[in-house]
Protein chains: 2
Amino acid sequence: MRRRLTRAETKARTRALLLDAAARTFARKGFTGASVEEIAEAAGFSTGALYSNFSSKEALFLELLSDRRRDRLAAAAQALDAHGAGTGEAVAELGRLLVDVADKDIEFAALQAEFWLYAIRNPRVMDALAASVRESHQALEGLVGAAMARRGAPDGVCVEEVSTVVAALFIGLVRQRRIDPDCVSEELFGQALNWLFTGINAASDEG
Amino acid sequence: MRRRLTRAETKARTRALLLDAAARTFARKGFTGASVEEIAEAAGFSTGALYSNFSSKEALFLELLSDRRRDRLAAAAQALDAHGAGTGEAVAELGRLLVDVADKDIEFAALQAEFWLYAIRNPRVMDALAASVRESHQALEGLVGAAMARRGAPDGVCVEEVSTVVAALFIGLVRQRRIDPDCVSEELFGQALNWLFTGINAASDEG
DNA sequence: GCTTTGACATAGCGGTCACTATCTGAATAG
DNA sequence: CTATTCAGATAGTGACCGCTATGTCAAAGC
């Protein structure tokens with residue numbers, strides 16, 4: 001049986017519900033296309049509740065910008081851990097991640113695109129986006145560094161650069177898979193990573 | 001001295017000016033954020049002129065979707081031709097293309113992101129976007145095929161797949177360069193392509 | 001148990017938007 | 001020269017939106 005909630009608890013719950021509804025609605029309609037009434041209704045509240053928890057539509061949006069990528073990152077890390085990261089299977093698991101993000105979590109890619117466009121147009125929030133991206137890139141650098149070490153990659157190659165390339169590849173493939181799934185098979189991301197890491201080793205052996 | 005324009009000529013000119021203004025405005029404000037009055041004014045006309053040339057805001061947007069990528073493609077092909085495509089310099093030239101698209105033609109990336117989001121949300125226009133993308137990918141496949149042949153790549157590797165990877169890499173790097181230019185140097189795209197093509201050769205030598 | 005507080009609901013205000021009905025004047029046709 | 005057509009201007013119209021002022025009722029404090 002459910003304990004009676006305190007005021008602070010219900011407020012926190014309302015906030016979380018509003019954030020979830022906002023993520024769904026912004027992803028489906030865009031920042032300007034989504035109305036605050038729509039968001040509040042999707043969460044089961046009124047606009048009054050929304051403005052009692054967030055100072056403006058933009059503030060709600062920016063809070064998502066800081067939050068959601070962290071959520072995704074945690075889920076991805078968990079999935080990778082569960083399937084033997086640090087082994088040769090990591091590449092296969094990254095392929096599965098591509099499918100997850102492109103096909104299942106259809107909100108994520110759309111939201112990130114919204115964030116990017118918003119930051120391009122409102123330079124004052126670009127720092128926040130850059131920080132959010134940097135956070136996930138640092139996690140990725142751990143994986144990439146491990147992969148390079150396992151494959152005996154040389155010292156001359158910059159882990160940050162390789163990570164940036166891997167992340168760019170991922171984003172580009174997710175986007176393309178939403179346009180034409182036939183062009184981006186589930187294995188293509190893993191395949192491309194194999195080419196990339198093989199090439200890194202081979203290229204440095206020459207120079 | 002300027003010849004007196006016929007009605008058809010002035011109308012075509014008005015249409016073109018409206019399309020240009022629409023590209024600028026949609027890129028800067030987004031599809032929902034840009035108003036038709038804003039677009040018409042930027043072109044030096046009234047909303048009446050706009051609705052006399054396009055049936056709706058959406059029709060104007062969709063016309064850009066078909067047009068603008070072709071323009072970009074033509075400019076890119078010209079730039080590549082001018083700097084010795086088909087030689088080893090092609091990779092360096094592709095690096096320059098990255099800088100052009102990311103830094104100078106700031107409209108292009110934003111517009112493409114708008115198109116993608118719009119197509120995601122309005123499945124009936126996804127076909128148009130897919131066709132537009134396929135057009136540029138086919139041009140890219142010519143370049144990629146030539147690069148692979150020059151480097152003596154094996155038969156077992158699918159040109160379409162490699163092209164998709166190259167395009168994805170490009171899009172992802174442009175996006176990241178707009179977030180943090182320091183992370184994506186001008187040479188990184190060319191560097192990544194070198195890794196990629198080197199890896200394609202090496203991987204197939206093994207199997 | 002009375003008072004105070006504050007989370008959330010309701011209603012409405014000013015402003016903007018996509019789109020249209022109507023008008024004007026210049027290019028065309030005869 | 002006159003009549004017609006039509007590109008483009010002007011001036012709305014109804015709908016919607018972000019936000020706020022105000023009301024309500026239950027939890028918190030004493």
Side-chain angles (χ1 to χ4, degrees), chain A residues 1-65 114 118 121-122 125, chain B residues 1-65 114 118 121-122 125:
Chain A
M1 101 177 194
R2 168 100 58 165
R3 182 175 67 80
R4 187 75 153 265
L5 297 174
T6 76
R7 266 232 269 256
E9 284 168 332
T10 58
K11 174 145 192 175
R13 201 180 98 94
T14 301
R15 236 185 108 89
L17 287 172
L18 282 167
L19 280 167
D20 279 350
R24 285 198 303 275
T25 312
F26 281 139
R28 203 159 28 195
K29 304 280 196 84
F31 175 71
T32 36
S35 74
V36 291
E37 192 178 356
E38 209 173 355
I39 295 170
E41 229 162 60
F45 296 98
S46 66
T47 69
L50 193 150
Y51 278 96
S52 154
N53 279 277
F54 304 93
S55 63
S56 68
K57 186 185 179 185
E58 191 197 31
L60 174 55
F61 185 67
L62 295 183
E63 186 135 336
L64 283 178
L65 165 52
E114 285 288 332
Y118 194 87
R121 292 163 184 158
N122 304 78
V125 312
Chain B
M1 100 179 194
R2 169 94 61 160
R3 185 174 64 81
R4 188 73 153 268
L5 296 176
T6 75
R7 263 232 270 256
E9 283 169 332
T10 58
K11 174 145 190 173
R13 200 179 99 94
T14 301
R15 236 185 110 87
L17 287 172
L18 282 167
L19 280 168
D20 279 350
R24 286 198 304 274
T25 312
F26 281 138
R28 202 159 28 195
K29 303 281 197 84
F31 175 71
T32 35
S35 75
V36 292
E37 191 179 354
E38 209 173 355
I39 295 171
E41 228 163 62
F45 296 99
S46 65
T47 69
L50 193 151
Y51 278 96
S52 156
N53 279 276
F54 304 94
S55 62
S56 69
K57 186 184 178 183
E58 191 196 32
L60 174 56
F61 186 68
L62 294 184
E63 186 135 337
L64 283 177
L65 165 53
E114 285 288 333
Y118 193 87
R121 291 164 185 158
N122 304 76
V125 312

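Throughout, protein chains are lettered first and strands after them, A, B, ... in sequence-line order, and every chain is numbered starting at 1.
- The distance from the CG atom of B:L64 to the CD atom of B:E114 is 11.5 Å, given to the nearest 0.5 Å.
- When the side-chain nitrogen and oxygen atoms of B:N53 are compared with OP1 and OP2 of D:dA7, none of them lie within a distance under 4.0 Å.
- With DNA chain C read from its 5' end, the first of the two nearest nucleotides for B:F31 and A:R15 is the one closest to A:R15.
- For B:T6, counting side-chain heavy atoms from C-beta on, the closest listed nucleotide (D:dG8, C:dT28, C:dA18) is C:dT28.
- Rounding to whole angstrom units, CZ of residue A:F54 and C1' of C:dA7 are separated by 14 Å.
- Here A:S46 lies in heavy-atom contact (under 4.0 Å) with a base.
- Base engagement by A:T47 is indicated by at least one non-hydrogen atom pair under 4.0 Å involving a base atom.
- A:E58 has its CD atom 19 Å from the P atom of D:dC17, to the nearest Å.
- In this structure, of C:dA18, D:dC17, D:dT20, it is D:dC17 that holds the atom nearest to the side chain of A:S35.
- Rounded to whole angstrom, the span from the CZ atom of B:F45 across to the C1' atom of D:dT10 amounts to 16 Å.
- Qualifying ring pair (Phe, Tyr, Trp, His ring centres under 6.0 Å) partners for B:F61, counting only residues two or more places apart in sequence or in other chains: B:F26, B:F31, B:F115, B:Y118.
- Comparing atom distances between the B:S56 side chain and each of D:dT20, C:dC19, C:dC8 picks out C:dC19 as nearest.
- As rounded to whole Å, 17 Å separates atom C1' of D:dT20 from atom NZ of A:K57.
- Atom CG of A:L50 is separated from atom P of D:dC17 by 14 Å (rounded to the nearest Å).
- Straight-line distance from the CD atom of B:E38 to the P atom of C:dC17: 7 Å, rounded to whole Å.
- Looking at heavy-atom distances under 4.0 Å, A:T14 makes contact with sugar-phosphate atoms alone, never a base.
- The nearest whole Å value for the distance from the OH atom in B:Y51 to the P atom in D:dG12 is 18 Å.
- B:A49 approaches B:L18 most closely through the heavy-atom pair O-CD1, 4.0 Å.
- The interatomic distance linking B:K11 (NZ) with D:dT5 (P) rounds to 16 Å, in whole Å.
- When distances are taken from the side chain of A:R7 to each of D:dG18, C:dA26, C:dG6, the shortest belongs to C:dG6.
- Closest approach to the B:S52 side chain among C:dT10, D:dG8, D:dG18 is made by D:dG8 (side chain taken as heavy atoms from C-beta onward).
- Within 4.0 Å of A:A34, counting heavy atoms only, lie sugar-phosphate atoms of the nucleic acid but no base atom.
- You'll find the side chain of A:S35 stays beyond 4.5 Å of the side chain of A:K29, heavy atoms only.
- Side chains of A:E41 and A:E37 form a contact here, defined as non-hydrogen atoms less than 4.5 Å apart.
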